[in-house]
Amino acid sequence: MQLVQEEENLTFNQFKDWYENRHEYAKAWKERTGGKVIGYFCTYVPEEILYAANILPVRILGSHEPQDVTEPHIFAMFCPFCRDCLAQGLKGRFDYLDGIMIAQSCLHIRQAYTSWDLHIPTDYSYYLPHPMHVQSPHAIPYLKEELIQFKKSLEKWIGHLITDKDLKSGIELMNKNRRLMNQVYELRKEPNPPLTGLEAMYMVVSSQMIDKEEHNRELELLLQKLPSRDIGDPGERLIIIGSEDDDTEFMKMVESLGATFVTDDHCTGTRYFQKEVGSSRDLMSAIAERYVKRVPCPSKDWPNRTRLDHILQLTKEYDVQGAILIQQKFCDPHELDTPAIKEKLEDKGIATLFLEFDVTVPIGQFKTRVEAFLEILREEDLF
Amino acid sequence: MSKAKYPFERLKSWGKAKTLRENYYRDFAEAHDKGGIRWAGGAWSFDAIPSGLGEDVWCLTGEPYGATVAFNKELALECQEAIETKGYARDLCSYMRNYWGSIILNKYAWPQFSKEFPKPDFMWQDHICCSHAKWYQVASDLEGGIPMFSIDVSVGPYEELTESRINYIVGQMHDGIKWLKKQTGRDYDDELLIKAVHNEFRSCHYWAAICELNKTIPAPLDEKTMYALYVLGTLRKSSQWTADFYEKELYPEVKSRVERGIAAVENEQCRIMTDTQPPWAFLKVFRYMEKYGCVSIGSLYTFSLIGLWEDKEDGTWGPKAIPEIEITNRDEALRALAKWNLSKPEWQHFYHPQLKSEMMIRIAREWKLDGVLLHFNRGCEGLSLGIAENRLAIQKAGFPVMPFEGNMGDEREFDLTRTMVRIDAFMESLGMKKLVD
Amino acid sequence: MTVIGIDLGAKNTKVVILRSSEILATSSVLSGFDQQSSAEEAVNEALNKAKITREDIKHITATGAGMDAITFANDTVTEISASARGISKVFPSVRTVIDIGAEEGRAIRLNENGKIIDFGINEKCAAGAGAFTEAMARALEVELEKMGEMSLKSTKAVPMNAQCTIFAESEVVSLIHQNTPREDIIRAVHDAIADRITSMTRRVGIEKDVALVGGVANNIGFVDSMKRNLGFDLLIPKDPIVPEFISAYGAALVAQDTMNGG
């Protein structure tokens, strides 16, 4: 792990820098291109259509700082993440946004959007109804129609039509980004993965806020460097599973204890970029199909829990020994899946540790628990 | 004690409502003895649809069942602790946890009808909040695998309804009927479906009409009593017995109370409404407020979980008219049912708190309220959605608001003493004095 | 005309004796298990100080968590109303009162006549109240009285999430293990509780002037955190009605109003 800390600055510096200076980046992007920026609240938002309109989509995330401004707007039983997101808006950190939008998913994040809509003036605001019953055959035609309506609304706002050519290039750009990140993830399957979980997190999260064109170029450079990169023995190979997660402090702490995250099931990870838009001639249908058939958020994963098999598949492909199940406190959709996931993993001999995120995590307390968890994994290794 | 300001009289229909509710839980328990079918699902589900399977089909709706458990403190605690040991989080919907607890303890909240929790033949649900479909997904796990069908109804506000959105729901309904036939091996009778749809129209219309009568001063009904009445709609809104009770017994009685000036709270001097489900184990809060001559005339929750509403010609909010349409086939019935339900006021706020605030302010004005009590309900993320914004909007419209935290189904999250103190402070701030000690 | 206001709080019982709006005496004793006798003790102490007897008293109004236990009181008033009444007498310009007792934090908004427009109370949790600082002082092995002073010596803000006392206590322990200077941890504790209190106050709306009352207002470190959060100064009552006496004073004023036929 020593090696990583020294070399980190070189290989993943750009991604980390983008993540940490997202607002400066977006402001400079606007200045440079004269384009519009839309803040979005959930990864079910079809960024393809935004790119087709030359709009930069940036995901609204929290800042992991305690705050006291959301209490009048969101009841404290909702997740700390949605409150942290709203706080960024109330504090004016996203004052460069031209618009905001959400695609329907969980109730928690929906409130960050609606309170933002009520209290922070923006030029454009769109609520995209989105099927929750993604396992129904009616979900794709329904979403397709919603996407058409959304495209119309965007066209009205920007003042010109979005052509099929535009859409195709939006799709290509998004697909390329997905493909490249998948290629990076492929390398994590190796016995000695050339990157840490923290680095992977910087890579994926930054892709949600940076012009994909630029991000793709950086990914291509990265893919040239990674095959020859050696960061040593990964130690215990872990998967991290749960809700939105850009808690870099937590990742850093776990990996400093000698283990490595080799993959994840997060909407700031594989759920975001796995599955490309297909090549159908009916572009809107193709986009709709991608968002209906992607690895679902647990709020949409019913009547069958398709994520169970998907997670097991990940643990096999990435040769995982232990799983950290971590979610935003009060996140109902994940809380409704966690016992089933835990049972399934343990049934297959994969030990689990359950933790809850808040805006800040109590690193000391979590460290003790992770250490104990790793000790258990190590003992298993002995026998 | 001073002489009562208004005449008081017990509600005669109350006993009948109680009997109908008991029969419902008994019928579910005994369904199999009669060779019938029993299904479980939400109070907001399209219960008219399984009616097409026959007249020997009985259901158990989860929310009122969870509330029944909550009312029985010992059982509730037992259920909650049981489900926590299974690894389910304490902050999840408390109705759901009470219901799951019943399954794993194998205890029915109506032991006089069945010692064991009656296992349903299938689950029939709808999905509007994050927990709706997932509730029965977990229930099915806990029961060892019971088939479930759930219909997603979250297609945006009624005002913005499009053909494609209705098609999405109706498409799922048609699939649902095929699924029901397959699960039960029975034929499906469209005539029974159409009859159930008409019953549902009547139930929803007349319950709203009854609530509308509470615009009168003094209010003929108080919210604590209304809970025992509206519940029938949450049990089975498409049944003949619910529709008949509302139309032919309750509505005429409440109307006569209005005509005769009968009050629910004989010293009414202060009118409020609440919001979301109450902490069921602590309904005495309402009786406590009566000491101040304070009547809760209802809430958006009691009015419109079952009642459907619309703008009337004079600009007021009144019961949604029963559609004057002739339904001749299954598709027409399903379309009418989908449209009818999508106008449900309690479904609108899922998309924006402003939609709910507007309805609440409208109630505050038309029902002539002095203040509003908002239950920040830790037990229900769906109905507590946006409640902080509702508070701001109602205050801005000029109505004093008292928020209080609690939980509809988990008494560990409700502090009775402190809530009473808060009510005292609120009443003091409204300038009300206790009339009785 | 002489009246008494009693505030039977979770930690201390406070008494104020008023004669024609003039403060004759105040007293404070620890609230014991037997609340009635704590109240009697506090009343007797104040009577002795004022050199008058029970017979001189025309009316007693009680407030505070244990108010119903005081059988010799003529009537009761909630802490919200008592606090509001007390502060608008001391500082008529106040529109927002932040009142932090041992186990409860409250925010009250007043109009220009001192009438309550809105109020908020922290929920079933000690993290927004005086008991929280006490628990943290214990974890840090620092005397409660020194917390304020030490906090002012802090040079660095350390983020801490005061969702719950138990959780915060373990966060304090991890900070100690990481060799974070004690001063910085104390400031973090004060910042955390100030965040929570400010949150609650924002819910009722913040309008100037803002007064801070209750025992915690004597903690200069906490006051500093509050000022930093709000971005302006707070009014804090001084002798003879120190912050923890505002509710008892308010109750006495209510007693006087009642006698004046108010």
Side-chain angles (χ1 to χ4, degrees), chain A residues 70-79 104-108 110-111 113-115 117-119 127-139 141-146 148-149 297-305 327 329-340 342-343 354 356, chain B residues 86-89 91-93 96 123 125 127-138 140-141 147-157 160 162-165 167-172 174-175 350-354 376-379 381-382 384-389 391-393 403 405:
Chain A
T70 57
E71 184 67 19
H73 306 289
I74 301 183
F75 177 20
M77 73 177 276
F78 291 94
C79 83
Q104 181 166 284
S105 56
C106 78
L107 300 183
H108 298 248
R110 200 177 297 175
Q111 286 183 105
Y113 166 78
T114 51
S115 284
D117 181 61
L118 278 172
H119 301 286
Y127 182 103
L128 178 68
H130 202 285
M132 304 303 287
H133 196 177
V134 291
Q135 292 171 24
S136 161
H138 305 285
Y142 162 54
L143 180 57
K144 178 190 166 183
E145 195 53 44
E146 292 301 329
I148 291 170
Q149 293 310 316
C297 164
S299 68
K300 296 182 190 248
D301 201 22
W302 52 267
N304 299 317
R305 273 201 193 83
Q327 58 161 75
K329 201 166 153 182
F330 310 139
C331 172
D332 304 68
H334 280 279
E335 285 171 347
L336 286 158
D337 273 2
T338 297
K342 190 168 147 52
E343 193 186 326
F354 174 74
E356 277 181 327
Chain B
K86 286 262 178 193
Y88 288 94
D91 56 272
L92 287 168
C93 162
M96 182 166 84
M123 319 279 203
Q125 176 64 315
H127 188 77
I128 185 124
C129 85
C130 290
S131 304
H132 259 69
K134 304 288 279 188
W135 171 333
Y136 286 90
Q137 188 178 43
V138 173
S140 171
D141 289 350
M148 159 179 132
F149 195 90
S150 187
I151 295 174
D152 175 18
V153 295
S154 52
V155 292
E160 295 166 24
T162 62
E163 213 38 41
S164 145
R165 292 174 181 178
N167 288 343
Y168 173 53
I169 293 173
V170 174
Q172 293 176 80
H174 278 293
D175 291 354
F350 281 96
Y351 311 105
H352 209 299
Q354 203 171 334
F376 278 50
N377 181 356
R378 288 191 169 265
E381 56 154 18
S384 291
L385 190 74
I387 195 164
E389 293 292 357
R391 173 182 166 277
L392 292 176
E405 264 188 41

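This one's a predicted model, so the numbers in the text were calculated from it and none came from an experiment.
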**Q.** With Lys144(A) via side-chain contact (heavy atoms from CB on, under 4.5 Å) - residues at least two apart
**A.** Ile148(A), Asp282(A), Met284(A), Ser285(A), Ala288(A)

(Q) Are more than 12 heavy atoms, taken from residues, nucleotides or ligands other than Glu343(A), located less than 6.0 Å from that residue's CD atom? (A) no

If you look at every heavy atom in [X] and [Y], which pair is closest and at what distance?
X         : Y         : answer
Pro339(A) : Tyr88(B)  : CG-CE2, 3.4 Å
Gly386(B) : Gln111(A) : N-OE1, 2.7 Å
Asp91(B)  : Phe330(A) : OD2-CA, 3.3 Å
His133(A) : Ser150(B) : CE1-O, 3.0 Å

Name the member of [options] that forms the most heavy-atom pairs with chain B at distances under 4.5 Å.
options                                    : result
Gln149(A), His130(A), Glu335(A)            : Glu335(A)
Asp117(A), Asp337(A), Thr114(A), Thr338(A) : Thr114(A)
Pro303(A), Cys106(A), Ser299(A)            : Pro303(A)

Who wins among [options] for the most heavy-atom pairs under 4.5 Å with chain A?
options                         : answer
Ile151(B), Asp141(B), Val155(B) : Val155(B)
Asp175(B), Leu385(B), Val153(B) : Leu385(B)
Ser154(B), Gly382(B), Pro353(B) : Ser154(B)
Gly87(B), Cys93(B), Ala133(B)   : Ala133(B)

Q | Separation between CD1 of Ile74(A) and OG of Ser384(B), rounded to the nearest 0.5 Å | A | 13.0 Å

Q: Rounded to the nearest 0.5 Å, what's the gap from OG on Ser131(B) to CG on Leu107(A)? Could you check?
A: 7.5 Å

Q) With only heavy atoms counted, which part of Met96(B) is less than 4.5 Å from chain A, the side chain, the backbone, both or neither? A) side chain

Q | Side chain, backbone, both or neither of His127(B) within contact of chain A (heavy atoms, under 4.5 Å) | A | side chain

Using non-hydrogen atoms only, which part of [X] is less than 4.5 Å away from chain B: side chain, backbone, both, or neither?
X         : value
Phe75(A)  : both
Phe78(A)  : side chain
Asn304(A) : backbone

For [Y], does its backbone N or O pair with a side-chain atom of [X] as donor and acceptor, under 3.5 Å?
X         : Y         : result
Glu381(B) : His108(A) : no
Lys134(B) : Pro298(A) : yes
Asp152(B) : Met132(A) : yes

Do [X] and [Y] have side-chain heavy atoms sitting under 4.5 Å apart?
X         : Y         : value
Leu118(A) : His352(B) : yes
Ser115(A) : Glu389(B) : yes
Arg165(B) : Glu146(A) : yes
Glu145(A) : Asn167(B) : no
Tyr351(B) : Gln104(A) : yes

Q | With Glu356(A) via salt bridge (charged side-chain N to carboxylate O under 4.0 Å, His left out) - residues at least two apart | A | none

Q. Would Met77(A) and Glu405(B) count as a side-chain contact (heavy atoms from CB on, under 4.5 Å) if you check the C-alpha gap in whole Å, the side-chain angles of each, and the deciding distance to 0.1 Å?
A. CA-CA 10 Å; Met77(A) 73 177 276; Glu405(B) 264 188 41; over 6 Å; no

Q) Is there a side-chain contact (heavy atoms from CB on, under 4.5 Å) between His73(A) and Leu392(B) once you walk through the steps? A) CA-CA 8 Å; His73(A) 306 289; Leu392(B) 292 176; 3.7 Å; yes

